[in-house]
Amino acid sequence: MPRSNDAAAQMLQEFADLLAIAGGEPFKVRAYEKAARAVAGSPTDIADLDEKGLDAIPSVGAHLARKILEFLRTGSVEELEELRAQVPAGVRSLLDVPGLGPVRAHQVYAELGITSVTELLDALHEHRLQHLPGWGERSEANLVQAVHEAHTGGARIQLGVALGLAEEILAGLCALPRVRQATYAGSLRRMCATVGDIDLLVASEEAEPVMEAFCTMALVARVLVRGDTKSSILTTKGVQVDLRVVEPHSWGSALLYFTGSKAHNIRLREMAVRAGQKLSEYGLFDADTDRLIAAETEEAVYARLRLPWIPPTIREDSGEVEAALLGELPDLVELRDVRGDLHTHTDLTDGIATLEVMVAAAKARGYRYYAVTDHAPLLYMQRMTTEKALEQRLQIRQLEDAAGITLLHGTELNIQPDGSLDWDEDFLAGFDIVVASVHSAFRQSRDVMTARILRAVEHPCVNVIAHPTGRSIARRAPIDADWDEIFRAAARTGTALEVNSSPDRLDLDGDLVRRARHAGAFLAISTDAHAVPHLDNMRFGVATAQRGWAGSADIINTWPLGKLRRFLAKHSPAPDADQRR
DNA sequence: GCCGTTTTCGGCCCGACTGTTTTCAGTCG
């Protein structure tokens, strides 16, 4: 069951879509969309709010507060039902076809009675659309292709995959003459868990050769758009890559613009308008005289908007502009703050590298401490035993002096369907750190799952709940649990929640990180490395924690060893709880 | 529908590209 915020946000988005199709006032449509984002991004659970509390959410006014309340109380909204009667659900699904917006979705419905993507395809094959006003052969052919591609490809790309591809293409573009700067922007720079397409930005006085090189790369399957300053290609693996080329002097405003998010940009432009200015990818201008005010760097543009530079990972219009105006931007955790990895494996269980190799790799990354947390006996396939665990502990103690890094002997317990764990309390007390996680029975009911995880959180020896929701970005949905209750229990008991850095997981995600912090819980950013290269995923975990506005004070593995050890001893209350933002 | 250190009414982000048009509408980001 989704959180009330998500359900309400979906309701508002459906409202916006249907209003747009029905030909509603565009600004009204935008107001619903804006409110949907605001509700989804609010750290407060709206189920606990009254009308006044809802009205206090930015972009939610009295009208929408009442609609949200109606929705929360009755599960539906009368006015939305009327719209649904007016616009069949299938017509809304037409909006998923790239290139088909609300106006044309309504047009094909009103003129030809089309109410599904299937019917749209039939009509396209019978060439019934090209006779409508504003349509022609080209637009019909493009739509056929768009429907086809939306059905076959269209899946979002994992962050790790996207970053690899972006860096590969950028390496080629950087090698071109007269390319001054080149980088990735968009959701990739904001380090979203998945990205829909890859946005690249190049600064050069001469766009044409860059466009030519980009559109003729070996990995190009098809050129989607080819313009003077903007082109889009589809790679052979079905990934869309957009490139913009700008003059070097507008690098900052272009980077700001192409990084987004769209909602963040809109906020900045609104501020510019109120100050008698105009902001675009070409710069910040005086609205009356068109005089250029700032463009060269992001910092300069933000500064002239009277804002400090805002880190890309929090540019989501979820409160960062307000915080910036108040001088209250969070001091986000950085990769360099991380002093150790607290969840890793060796070949004693399912890792592929030896203890010595993993420890040497950790040392090489400059870590001060490093936890080895191989699986425990209840994950039967890993064949762990009490004897093996004790032998590993001995090995770690012997290795520690020569390794020149503090080694923590830990384990990753299996949270059983009833919430019980491997080993008894006496034995668990012998570990330096205990992480626990769900590896099976993912589909329990919300209540059973919540009780199961709470039991682990409240266990006196459990220090970290690893990959809490169990999601696998490409393959498995997150488990259903009352996260806010779990976060409150974690805060109370001094149990940390993991931000798993694997690009397959990124678990907790940014939204849950924010809610966990809101509840006063601490976090651990770990890689769950099963091999040496996985240790480098830490940057994805850090970015995900940033997306949840986490600072190093929130992250236990940025702390000095002594403070970390006191936390792991699990004495309540949690240390420094009152010193955090 | 939302919002206000010009405003409780009248604004509401900006530009590129495409395809259909001869000056623009629709879509996208």
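Lettering of chains follows the sequences in order, A, B, ..., and the numbering in each one begins at 1.
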Under 3.5 Å: donor-acceptor pair, side chain of A:Arg315, backbone of A:Arg190:
no

So what is the 5' to 3' dot-bracket string for DNA chain B, if pairs are Watson-Crick or G-U wobble with both distances under 3.5 Å, crossing pairs use [ ] and | means the partner sits on another strand?
((((....)))).((((((....))))))

Is the number of heavy atoms from other residues, nucleotides or ligands within 6.0 Å of CD (A:Glu137) greater than 12?
no

Measure CG/A:Asp17 against C1'/B:dT27 and give the value in whole Å, please.
14 Å

Give the rounded distance in Å between these two atoms: CG of A:Asp96 and C1' of B:dT27.
15 Å

Produce the list of close N/O pairs, under 3.5 Å, pairing protein atoms with atoms of nucleotides 19-21 of chain B; give distances to one decimal.
| from | atom 1 | to | atom 2 | distance (Å) |
| --- | --- | --- | --- | --- |
| B:dG19 | OP1 | A:Arg138 | NH2 | 3.3 |
| B:dG19 | OP1 | A:Asn142 | ND2 | 2.6 |
| B:dT20 | OP1 | A:Gly136 | N | 2.8 |
| B:dT20 | OP1 | A:Gly136 | O | 3.2 |
| B:dT20 | OP1 | A:Glu137 | N | 3.3 |
| B:dT20 | OP1 | A:Arg138 | N | 3.4 |
| B:dT20 | OP1 | A:Ser139 | N | 3.2 |
| B:dT20 | OP1 | A:Ser139 | OG | 2.9 |

Partner residues of A:His264 under the side chain to side chain donor-acceptor pair (under 3.5 Å) criterion, sequence neighbours left out
A:Tyr302, A:Glu320

Please measure how far the P atom in B:dC14 lies from the corresponding atom in B:dC9, and state the result in whole Å.
25 Å

In whole angstroms, how far is the C1' atom of B:dC13 from the CD atom of A:Glu33?
14 Å

Pick base, sugar-phosphate or nothing for A:Pro26, based on heavy-atom distances below 4.0 Å to the nucleic acid.
nothing

Partner of A:Glu140 under side chain to side chain donor-acceptor pair (under 3.5 Å), picked from A:Arg128, A:His131, A:His127, is A:His127

Note: A:Lys230-A:Asp242 ion pair, threshold 4.0 Å (strictly below):
no

Closer to the 5' end of DNA chain B via nearest nucleotide, is it A:Tyr257 or A:Ile266?
A:Ile266

Enclosure of A:Glu126 CD (heavy-atom neighbours >12, cutoff 6.0 Å)
yes

I'd like a table of donor-acceptor pairs (distance under 3.5 Å, sequence neighbours excluded) in which one partner is a side-chain atom from residues 20-39 of chain A, with atom names and distances.
none

Can you check side chain to side chain contact (heavy atoms under 4.5 Å, CB included) on A:Tyr184 and A:Leu163, steps first, answer last?
CA-CA 8 Å; A:Tyr184 52 84; A:Leu163 191 59; 3.5 Å; yes

Here the distance between atom P of B:dT27 and atom CG of A:Leu94, to the nearest Å, is 11 Å

For B:dG26 and B:dT20, measure between their P atoms and round to the nearest Å.
14 Å

Below the 4.0 Å mark, does B:dA16 have OP1 or OP2 next to a side-chain nitrogen or oxygen of A:Tyr282?
yes

Do A:Thr216 and A:Glu212 pass the side chain to side chain donor-acceptor pair (under 3.5 Å) test, and can you show the C-alpha distance, the side-chain angles, and the key distance before you say yes or no?
CA-CA 6 Å; A:Thr216 56; A:Glu212 180 60 20; 4.5 Å; no

Measuring only the C1' atom in each nucleotide, how far is B:dT23 from B:dT18? A whole number of Å is fine.
15 Å

How many Å lie between CG on A:Leu284 and P on B:dG15, as a whole number?
12 Å

Select base, sugar-phosphate, or nothing to describe what A:Lys230 touches, counting heavy atoms under 4.0 Å on all strands.
sugar-phosphate

Taking only the P atom of each, what is the distance from B:dC3 to B:dC13 in whole angstrom?
13 Å

Please walk me through it: do A:Val241 and A:Phe214 pass side chain to side chain contact (heavy atoms under 4.5 Å, CB included)?
CA-CA 10 Å; A:Val241 185; A:Phe214 176 70; 3.9 Å; yes

Hey, does A:Asp228 reach any base, or is it just sugar-phosphate, or nothing, if we go heavy atoms under 4.0 Å?
sugar-phosphate

Here the distance between atom P of B:dA16 and atom NZ of A:Lys262, to the nearest Å, is 16 Å

Figure out the CG/P separation between A:Asp199 and B:dG15, and round it to whole Å.
19 Å

Sugar-phosphate, base or nothing in reach of A:Leu268, heavy atoms under 4.0 Å
nothing

For A:Lys278, which contact category applies under a 4.0 Å heavy-atom criterion: base, sugar-phosphate, or nothing?
sugar-phosphate

Classify the nucleic acid contact of A:Arg244 as base, sugar-phosphate or nothing, counting any heavy atom under 4.0 Å across all strands shown.
sugar-phosphate

Please check this pair: side chain of A:Arg156 against backbone of A:Ala193, looking for a donor-acceptor N/O pair closer than 3.5 Å.
no

If we take the C1' atom in both B:dG10 and B:dG15, what is their distance in whole Å?
24 Å

Heavy atom of residues 84-91 of chain A under 4.0 Å from DNA chain B: which residues?
none

Is any side-chain N or O of A:Thr259 closer than 4.0 Å to OP1 or OP2 of B:dG29?
no

Taking the side chain as everything from C-beta on, heavy atoms only, tell me whether A:Ile68 gets closer than 4.5 Å to A:Leu49.
no

What integer number of Å spans the C1' atoms of B:dG1 and B:dT5?
24 Å

Using only atom types and a distance under 3.5 Å, with no angle test, would you say the side chain of A:Arg505 pairs donor to acceptor with the backbone of A:Asn500?
no

Given the rule in the side chain to side chain contact (heavy atoms under 4.5 Å, CB included) test, do A:Val91 and A:His106 qualify, once you have shown the distances and angles that lead to the verdict?
CA-CA 7 Å; A:Val91 179; A:His106 183 258; 5.9 Å; no

For a salt bridge (Lys or Arg N to Asp or Glu O under 4.0 Å) with A:Lys278, tell me which candidate from A:Asp286, A:Asp288, A:Asp290 qualifies.
A:Asp290

Between A:Asp507 and A:Thr469, is the side chain to side chain donor-acceptor pair (under 3.5 Å) condition met? List the steps.
CA-CA 6 Å; A:Asp507 179 15; A:Thr469 79; 3.1 Å; yes

Report all interatomic pairs (protein N or O, nucleotide N or O of nucleotides 1-7 of chain B) with separations under 3.5 Å.
| from | atom 1 | to | atom 2 | distance (Å) |
| --- | --- | --- | --- | --- |
| B:dC2 | OP1 | A:Gly61 | N | 2.5 |
| B:dC2 | OP1 | A:Gly61 | O | 3.3 |
| B:dC2 | OP1 | A:Leu64 | N | 3.3 |
| B:dC3 | OP1 | A:Ser59 | N | 2.6 |

Phosphate-side-chain proximity, A:Arg269 and B:dC12, N/O vs OP1/OP2 below 4.0 Å:
no

A:Glu270 or A:Gly99: which one's nearest nucleotide on DNA chain B is closer to the 5' end?
A:Glu270

What interatomic distance, in whole Å, is found between C1' of B:dT8 and the corresponding atom of B:dG4?
8 Å

Nucleotide B:dC12, atom P - distance to NZ of A:Lys34 in whole Å:
12 Å

